[in-house]
Amino acid sequence: MAPDRRQQAIADLEAQLARTPRADRPHEHGALAYRLGLAHAEAPGNSPEAGLRTALRYFDTAAALFDPRFDPVEHARVLNGAGAARRALGDRVRAVELFERAADLLEGRERDNERAGVLNNLGLARSELGRLEEAVAACDEAVELFDRSTPEGSRGRIATLHTRGSAHAALGTDESLEAALDDFRLASEELDPEEAPYHHGLVQHSLGTTYSALAVRRPEERSQLLSAAIDAFGESLTVFTRLAFPFQHALVKHNLGLAWSARGGLTNLRRALAAFEDAVSMFDPRLHADAWRQAYASLERTEKELAELAPGLDRAEHFVALLAAINVEQRRELLQERLVALLALPTENRRRSSLVELALASARLPFDQARAVMDTELSVLIELPTDELEPGLRARLDAHRRLEGEARENADRALEQAIGDALQGPQRISVRDFFYSLGWERP
């Protein structure tokens, strides 16, 4: 629901509550207070904390009106809502108490899906308190309660499998990590990525981190487990894209970088560096300070390792060397992501300098490598809107003008061949005409 519509819904509920006397119509008043609690807990606003505390006041009103002896289901729902608000506010001890009471009230009431949902919430809160085995126990019960024949039950079961898998993974033993993999795999098998894309991305990310954790503990299976982790992170990124889920995208990128780094070797370290660069650029150091610091530390560590293997190269030069070393499909994916990110930079000066830096690094490659990278670059740029295509082409020409002598001649010949190879007739003419307008001369 859009923010304006949500605020209007809250206003309508508050008006209904004002027209419903608490003394004369207690159940209706309690039901409206409960709905208002849910609405305020979910309402986006300038102060989420204020919204949650307002929600708690309404839940308190509703809890006082629904007697647990005579209205156990309604009272349990209020406790569950209040528990979720307490958990969001960081009061996990109180949240656990509320979830436990709600689960007890729903037992034997023929509300299995509802009770299972409360038990999943209980598992989450216990996990956050480090009570991992108790979290697993709550999830064990919930998984068996969900009715998989209903959409609600199926979604709840998948969410609980992920909760239980996360608790197993946090225990950190070989046995618990294997149990986590079982849970995440089962969740992956049961969910439909089209119907539940967020959960698909979440489960795949969790699979990746678990494979990575096992790789540390099992050196003899390290390569296979890291490959599985990289595949899972890649699948997660099909959901957690840069634009749709920036924080999750950065988190997955950082973990992907760690997996590439753990594989070792020059090309894998360059893959790791590219992933860490993406993560650092996406984390907001004001909002995600710890995550940003961890990603930046990983970036610096990888740069030092690369300096020993290939001294004297900067980040852009490592990136284009990576592009030259991988296959066409991988090159296109990486370069497209990087170009789109650079074209989205907030100021014209940053966009231009970053694009020129990247173009200059590839222009300095040996001829065949430079041509291959420029070929991919042009095939990506030509599909972008004109207001993004032209800055990319302009940066390419600016980069070449910074070269002299044989280096300039080789770069220009590589570009000329790339234009012929990457572009169709009309596209080829259009790009050459644009370069001519900027004073370019064909080699």
Between L124 and N121, is the side-chain contact (heavy atoms from CB on, under 4.5 Å) condition met? List the steps.
CA-CA 5 Å; L124 288 167; N121 288 339; 4.2 Å; yes
Would you confirm whether [X], through its side chain, and [Y], through its main-chain N or O, come within 3.5 Å as a donor-acceptor pair?
| X | Y | value |
| --- | --- | --- |
| R126 | R131 | no |
| S236 | A232 | no |
| N268 | A262 | no |
| R115 | A103 | yes |
| S379 | T376 | yes |
| H200 | A196 | no |
| Q427 | Q424 | yes |
| R164 | V136 | no |
| R394 | L438 | no |
| S430 | P426 | no |

Do [X] and [Y] get their side chains close enough for a donor-acceptor pair, meaning under 3.5 Å?
| X | Y | result |
| --- | --- | --- |
| T163 | N120 | yes |
| R396 | H400 | yes |
| R157 | T160 | no |
| S188 | Q204 | yes |
| S212 | N255 | no |
| N80 | R77 | no |

Nearest 0.5 Å please: distance from the [atom1] atom of [X] over to the [atom2] atom of [Y].
| X | Y | atom1 | atom2 | result |
| --- | --- | --- | --- | --- |
| D421 | L378 | CG | CG | 10.0 Å |
| E42 | L52 | CD | CG | 10.5 Å |
| S166 | L202 | OG | CG | 7.0 Å |
| I326 | L334 | CD1 | CG | 4.5 Å |

Between L355 and L339, is the side-chain contact (heavy atoms from CB on, under 4.5 Å) condition met? List the steps.
CA-CA 8 Å; L355 287 166; L339 286 171; 3.9 Å; yes
Under 6.0 Å between the ring centres of H205 and F240?
no
Centroid-to-centroid, F283 to F247, below 6.0 Å?
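Distance test on ring centres: under 6.0 Å, yes.
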Do any pairs count as a side chain to side chain donor-acceptor pair (under 3.5 Å) and have a residue in residues 342-354, sequence neighbours left out, and if so which ones?
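As it turns out, the side chain to side chain donor-acceptor pair (under 3.5 Å) pairs with a partner in residues 342-354, which skip direct neighbours, are R352-D398.
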Keeping to residues at least two apart or across chains, list the side chain to side chain donor-acceptor pair (under 3.5 Å) pairs with something in residues 384-393.
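Qualifying pairs, neighbours excluded: none.
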Less than 4.5 Å apart, side chain to side chain, heavy atoms only: is that true for [X] and [Y]?
| X | Y | value |
| --- | --- | --- |
| L207 | D231 | no |
| F99 | V96 | no |
| V73 | L106 | yes |

Determine, stepwise, if the pair R53 / E49 fulfils salt bridge (Lys or Arg N to Asp or Glu O under 4.0 Å).
CA-CA 6 Å; R53 296 201 180 280; E49 181 178 345; 3.3 Å; yes
Closest contact, heavy atoms only, A259 versus I230
CB-CG1, 3.8 Å
Return the minimal non-hydrogen interatomic distance between S261 and T302, and the atom names on each side.
OG-OG1, 4.4 Å
Apply salt bridge (Lys or Arg N to Asp or Glu O under 4.0 Å) to E97 and R86, showing your working.
CA-CA 10 Å; E97 294 172 357; R86 289 287 182 187; over 6 Å; no
State which residues pass salt bridge (charged side-chain N to carboxylate O under 4.0 Å, His left out) with E235; sequence neighbours excluded, sorted by chain then number.
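With sequence neighbours excluded, E235 shows a salt bridge (charged side-chain N to carboxylate O under 4.0 Å, His left out) to no residue whatsoever.
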What residues form a salt bridge (charged side-chain N to carboxylate O under 4.0 Å, His left out) with R402, not counting sequence neighbours?
none
For F184, ring-ring contact (aromatic ring centres under 6.0 Å, His included) partners two or more places apart:
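With neighbours one apart ignored, the set is H162.
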Would the number of heavy atoms belonging to other residues, nucleotides or ligands and lying under 6.0 Å from CD of E333 be above 12?
no
E337 and side chain to side chain donor-acceptor pair (under 3.5 Å): which single residue from R242, R332, K253 fits?
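It is K253, the one option of R242, R332, K253 that forms the side chain to side chain donor-acceptor pair (under 3.5 Å) with E337.
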H318 vs E277, side-chain contact (heavy atoms from CB on, under 4.5 Å): CA-CA, chis, key distance, verdict
CA-CA 12 Å; H318 280 300; E277 283 186 275; over 6 Å; no
Charged N-O contact under 4.0 Å between R217 and E178
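No, no charged N to carboxylate O under 4.0 Å.
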Charged N to carboxylate O below 4.0 Å: is that the case for D290 and R293?
yes
Keeping to residues at least two apart or across chains, list the salt bridge (charged side-chain N to carboxylate O under 4.0 Å, His left out) pairs with something in residues 309-325.
E303-R315
